[in-house]
Protein chains: 2
Amino acid sequence: MPTANRIVTAALALFYRNGFHASGVDLLSAEAGVTKRTLYKYFPSKDDLIESALLLRHEQFIGRVKQHVLAVEAEARPLAYLDFIGDWVAETEFCGCAFINAAAEFAAREQVPHRLADQHKEEIKALLLGLCSAAGAREPAPVADALFLLGEGLIVTSQVQGCSEALVSNAKQAGRLLWDAAL
Amino acid sequence: MPTANRIVTAALALFYRNGFHASGVDLLSAEAGVTKRTLYKYFPSKDDLIESALLLRHEQFIGRVKQHVLAVEAEARPLAYLDFIGDWVAETEFCGCAFINAAAEFAAREQVPHRLADQHKEEIKALLLGLCSAAGAREPAPVADALFLLGEGLIVTSQVQGCSEALVSNAKQAGRLLWDAAL
DNA sequence: ACCTTTGTACACCGATCGGTATACTTACGC
DNA sequence: GCGTAAGTATACCGATCGGTGTACAAAGGT
């Protein structure tokens with residue numbers, strides 16, 4: 001694995017687990033198994049590393065969710081999105097959504113991490129809208145938004161309180177009810 | 001206003017606007033109009049100040065939501081919760097939920113701010129469950145969870161992407177549909 | 001009148017922050 | 001075999017971090 005990728009991968013993991021401000025460059029380089037000097041050869045500042053880590057996360061995440069929803073027939077894809085979120089929040093390494101965390105730590109909308117979070121969520125919403133439309137919703141936008149919001153709620157609640165099977169199940173049930181009403 | 005209250009109020013505002021790690025003690029004391037020395041007379045450490053600020057926030061927030069939902073008849077209270085969230089996220093000073101932000105910055109569950117966030121959300125969920133029960137839901141728990149998740153989704157999405165009228169409206173519509181189905 | 005409390009002003013502490021300089025090793029291409 | 005690029009090791013930079021020591025001004029209670 002090329003050095004730059006090793007660095008950004010390790011950085012993403014540490015940022016995700018530890019937070020952005022709380023992860024110092026010394027720790028980042030140690031975690032990547034490289035010298036601070038090497039890290040700065042590839043990423044001219046910590047801000048650049050944060051940006052690269054979030055871009056990597058975006059690609060990874062979008063890939064995972066697409067792979068999951070495209071594995072089922074078109075009519076089931078909107079609800080498969082909630083299934084995906086439900087599986088994700090149950091993972092032991094789950095630490096919330098990296099982009100929500102970024103928006104929380106970089107509160108100003110103009111800050112790069114916050115803007116990346118905005119774009120990431122926009123892409124997820126667009127994907128979900130397409131799925132709802134293709135699955136035959138009469139009005140795709142309202143149900144796509146509703147499913148998205150249930151997913152976001154599941155993400156942050158699992159982050160704050162830990163994953164609860166009952167909550168995941170209730171979220172899916174609500175999603176099913178909303179989806180059936182949207183056909 | 002007593003000095004300690006001035007400090008914790010200013011601290012809460014700054015933490016909420018700026019984040020916890022990003023708000024230094026020098027800035028905190030300046031914002032409170034008080035010397036760093038005075039700040040440390042009332043709060044032996046920054047961690048203590050964070051804890052006090054979050055406790056204040058909890059009291060304020062629970063008070064506001066109760067006041068809002070109790071202003072309408074019992075049958076309308078579950079949906080009035082979503083109305084409250086919808087109004088809140090549209091405020092210009094809105095910076096997300098202070099407790100979700102705290103859980104994001106203090107990722108480990110054992111950290112005090114994260115634990116306070118857990119307790120805060122638990123209290124909100126209990127309140128909502130009571131409202132759903134009193135309003136005549138056949139099974140209060142699933143619909144209470146669903147309304148809660150829609151609210152949490154609305155909070156984080158408005159934080160990341162800014163408040164959108166369409167999104168708020170879609171959240172309320174989904175809530176109405178879920179609530180009608182729960183009677 | 002006096003003493004205690006409350007707060008100010010400000011210099012200071014060690015540690016850590018993001019980031020850099022210098023000198024050295026290693027490996028690979030031509 | 002030699003030059004160049006990649007990476008290491010380590011010491012260092014100024015700034016800021018959370019937190020403290022000290023000396024002094026005001027104000028209130030008795």
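Labels below follow one simple rule: chain letters A, B, ... track the order of the sequence lines, proteins then strands, and each chain is numbered from 1. Here the structure is a predicted model, which means the values were calculated and not measured.
Against DNA chain D, the stretch residues 17-27 of chain B makes heavy-atom approaches under 4.0 Å through B/Ser23, B/Gly24, B/Val25. Contact check of residues 47-56 of chain A against DNA chain C (heavy atom, cut-off under 4.0 Å) returns no residues at all. Using a 4.0 Å cut-off on heavy atoms, the residues of residues 31-45 of chain A that approach DNA chain D are A/Gly33, A/Val34, A/Thr35, A/Arg37, A/Thr38, A/Lys41, A/Tyr42, listed by number.
The ring-ring contact (aromatic ring centres under 6.0 Å, His included) search around A/Phe84 returns A/Phe61, A/His68, not counting sequence neighbours. Qualifying ring-ring contact (aromatic ring centres under 6.0 Å, His included) partners for A/Phe106, counting only residues two or more places apart in sequence or in other chains: A/Phe20, A/His21. Applying the side-chain hydrogen bond (donor to acceptor under 3.5 Å, both in side chains) rule to A/Gln60 yields no partners; only residues at least two apart in sequence or on another chain are considered. Take B/Phe43 and apply the ring-ring contact (aromatic ring centres under 6.0 Å, His included) test, not counting sequence neighbours, and it matches no residue. Partners of A/Phe99 according to the ring-ring contact (aromatic ring centres under 6.0 Å, His included) rule, which considers only residues two or more places apart in sequence or in another chain, are A/His120.
First and last contacts of DNA chain C with chain B, using any nucleotide atom under 4.0 Å from a protein heavy atom and ordered 5' to 3', fall at C/dT6 to C/dA9.
Side chain of B/Asn101 to backbone of B/Cys95: a donor-acceptor contact under 3.5 angstrom is found. A donor-acceptor distance shorter than 3.5 angstrom exists from the side chain of A/Ser29 to the backbone of A/Asp26, with no hydrogens or angles considered.
Pairs passing the ring-ring contact (aromatic ring centres under 6.0 Å, His included) check and including a residue from residues 140-169 of chain A, sequence neighbours excluded, do not occur. Applying the side chain to side chain donor-acceptor pair (under 3.5 Å) definition to pairs two or more places apart or across chains, those involving residues 81-98 of chain A are A/Arg64-A/Glu91.
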Identify every side-chain donor-acceptor pair in residues 160-183 of chain A under 3.5 Å, counting partners at least two apart or on other chains, and give the distances.
residue: A/Gln161; atom: OE1; partner: B/Lys125; partner atom: NZ; Å: 3.2
residue: A/Gln161; atom: NE2; partner: B/Asp118; partner atom: O; Å: 3.2
residue: A/Gln161; atom: NE2; partner: B/Asp118; partner atom: OD1; Å: 3.0
residue: A/Gln161; atom: NE2; partner: B/Glu122; partner atom: OE1; Å: 2.8
residue: A/Ser164; atom: OG; partner: A/Ala166; partner atom: N; Å: 3.3
residue: A/Ser164; atom: OG; partner: A/Leu167; partner atom: N; Å: 3.0
residue: A/Asn170; atom: ND2; partner: A/Ala166; partner atom: O; Å: 3.4
residue: A/Asn170; atom: ND2; partner: B/Asp145; partner atom: OD2; Å: 2.8

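Between the CG atom of B/Leu14 and the CG atom of B/Asn18 there is a distance of 5.0 Å, given to the nearest 0.5 Å.
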